[in-house]
Amino acid sequence: MSMAGIISNAVVSPSRTSLPSFQLHCQFFPNQVNTLLRSSVFRISPSSIRISASSIINLEAVAPQEDLKTAFLDQKESGFLHFVKYHGLGNDFILVDNRDSLEPKVTPEQAVKLCDRNFGVGADGVIFAMPGTNGTDYTMRIFNSDGSEPEMCGNGVRCFARFIVELENLRGKQSFTVYTGAGVIVPEIQDDGKVKVDMGEPVLKALDVPTTLPVTKDHAVVKAGLEVDGVTWNVTCVSMGNPHCVTFSNKELQKLVVDDINLPKIGPKFEHHKVFPARINTEFVQVFSRGHLKMRVWERGAGATLACGTGACAVVVAAVLEGHADRICNVDLPGGPLEIEWREHDNHVYMTGPAEVVFYGCVPL
């Protein structure tokens, strides 16, 4: 069953970064209602949200209809941005149908406002589904919540794949090629609805990550010492098209308990460390067994997030290089688990996990 309605949000802007007052048109499903109301997407209070009988389209449960979603996605009225919000293990994104142009429909500055969890829609980034480039089926671009543009995003590409399936009204098992700043990525929709993504080969050469840390093995940085905030951390650097610094220990703690890490304090110091000229995503990892890892992540441009797909891939590569794990691992993230495989025969990393719709909406630009 589905539910649809208009939520009229009267926002008094306390800063220049706030969005203006807007009407957010939403369609969502009963199993998402409680999650939606509990989340930081909407701050439900009498002073900020008005829901009136005259503004409700239909709050009675109705049978799910594919044409209802299609009709919503086909709306193109001028001055409004139509979007679908997705999440991959809690790493959430605003997906925009941009198939008619290689120019994003919103600017980085507008993306910052849209991603604001108090005065905007709320998300870790805005993703644009664009026409294919260099013979690919589609192009994916993303603006982080701080307005920066990463090369790609693992959880984001799974959400992107599910969005394309919805836009194109595809059925069954599907795969297609996606051009990203990290190269060509190939996601595949599985029979169970999960998305398996060929993430390509990991990049280990220090200069290509990039990092200026001294190499320790075959031009790579593997279990090297990095001093951050007076503590020497053992780090391995991997690029999955975007740069990652992975640590399993420091000189004081030979085995991390990742829930004890003060991520907001230490994360920015890794991100902006001078040895990472393009900044860095940082993963703190706890090893339970050779096939079971747990990580927390501080993402470049987004901060602490509930999941990072490229980060989980980098973690397994680093764990294999340091001898902690086998090539197939379940990686627990705060938002849930991902299955990661670093295949020996083709050197590619494969990521499998969910991507789910949160709601459909539109905002004035």
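Just so it is clear, the model here is predicted, and its values are computed rather than measured.
Checked against the 6.0 Å centroid threshold, H87 and F93 do not count as a close aromatic pair. Taking the ring centroids of W233 and F270, they lie under the 6.0 Å cut-off. Ring pair Y86/F160: centre-to-centre distance not below 6.0 Å. Taking the six-membered ring for Trp and the full ring otherwise, the centers of F176 and Y138 sit less than 6.0 Å from each other.
Relative to the six-membered ring of Y350, K196 meets both conditions, a distance below 6.0 Å and an angle of at most 45° to the axis.
One finds the CD atom of E151 at 9.0 Å from the OG1 atom of T310 (value rounded to the nearest 0.5 Å). For the atom pair SG (C159) and CD1 (I94), the distance works out to 12.0 Å, reported to the nearest 0.5 Å. Distance check: C313 SG to L338 CG gives 7.5 Å after rounding to the nearest 0.5 Å. Atoms CD and CD1, on E339 and I328 in that order, are 7.0 Å from each other to the nearest 0.5 Å. Note: L263 CG to T282 OG1 = 8.5 Å, rounded to the nearest 0.5 Å. Atom CD1 of I164 and atom CG of L170 lie 8.5 Å apart (nearest 0.5 Å).
A donor-acceptor contact shorter than 3.5 Å links the side chain of D116 to the backbone of F119. At distances below 3.5 Å, not a single donor-acceptor pair connects side-chain atoms of R99 with backbone N or O atoms of P131. A distance-only check finds no donor-acceptor pair linking the side chain of N98 to the backbone of M130 [under 3.5 Å]. Without hydrogens or angle criteria, T247 side chain to N234 main chain gives a donor-acceptor distance under 3.5 Å. Between the D198 side chain and the G200 main chain, a donor and an acceptor come within less than 3.5 Å of each other. At distances below 3.5 Å, not a single donor-acceptor pair connects side-chain atoms of H324 with backbone N or O atoms of L293. In this structure, the side chain of R141 does not engage the main chain of F128 through any donor-acceptor pair within 3.5 Å.
The environment of E344 atom CD is sparse: at most 12 non-hydrogen atoms of other residues, nucleotides or ligands sit within 6.0 angstrom. Atom NZ of K205 has 12 or fewer neighbouring heavy atoms from other residues, nucleotides or ligands inside a 6.0 Å radius. Residue H272 places its NE2 atom among more than 12 non-hydrogen atoms of other residues, nucleotides or ligands, all under 6.0 Å distant. Heavy-atom neighbours of D192 CG from other residues, nucleotides or ligands within 6.0 Å: above the threshold of 12. Environment of OH in Y179: sparse, with no more than 12 heavy atoms of neighbouring residues, nucleotides or ligands closer than 6.0 Å.
Applying side chain to side chain donor-acceptor pair (under 3.5 Å) to T177 and the options D137, N134, T136 leaves one that passes, D137.
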**OP:** Evaluate the side chain to side chain donor-acceptor pair (under 3.5 Å) criterion for residues T305 and E299: first the C-alpha distance (whole Å), next the side-chain angles of each, then the deciding distance (0.1 Å), finally the verdict.
**Re:** CA-CA 7 Å; T305 61; E299 289 198 54; 2.5 Å; yes
**OP:** For side chain to side chain donor-acceptor pair (under 3.5 Å), just list the numbers for N330 and H292, CA-CA rounded to whole Å, side-chain angles, deciding distance to a tenth of an Å, and then say yes or no.
**Re:** CA-CA 5 Å; N330 286 322; H292 185 193; over 6 Å; no
Original post:
Could you go step by step and tell me if D92 and R117 meet the salt bridge (charged side-chain N to carboxylate O under 4.0 Å, His left out) rule?
Top reply: CA-CA 11 Å; D92 54 345; R117 296 189 183 277; 2.7 Å; yes
**OP:** Go through R279 and E271 one step at a time and tell me if the salt bridge (charged side-chain N to carboxylate O under 4.0 Å, His left out) criterion holds.
**Re:** CA-CA 5 Å; R279 296 192 291 163; E271 178 183 356; 2.7 Å; yes
**OP:** Quick one: do V297 and H244 satisfy side chain to side chain contact (heavy atoms under 4.5 Å, CB included)? Show the steps, please.
**Re:** CA-CA 10 Å; V297 59; H244 293 270; 5.8 Å; no
**OP:** May I have the step-by-step check of salt bridge (charged side-chain N to carboxylate O under 4.0 Å, His left out) for K105 and D100, ending in yes or no?
**Re:** CA-CA 10 Å; K105 291 186 185 296; D100 58 350; 3.2 Å; yes
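The ring pair (Phe, Tyr, Trp, His ring centres under 6.0 Å) pairs that include a residue from residues 188-217 number zero, where partners must be two or more places apart or lie in different chains.
D326 approaches V316 most closely through the heavy-atom pair O-CG1, 4.2 Å.
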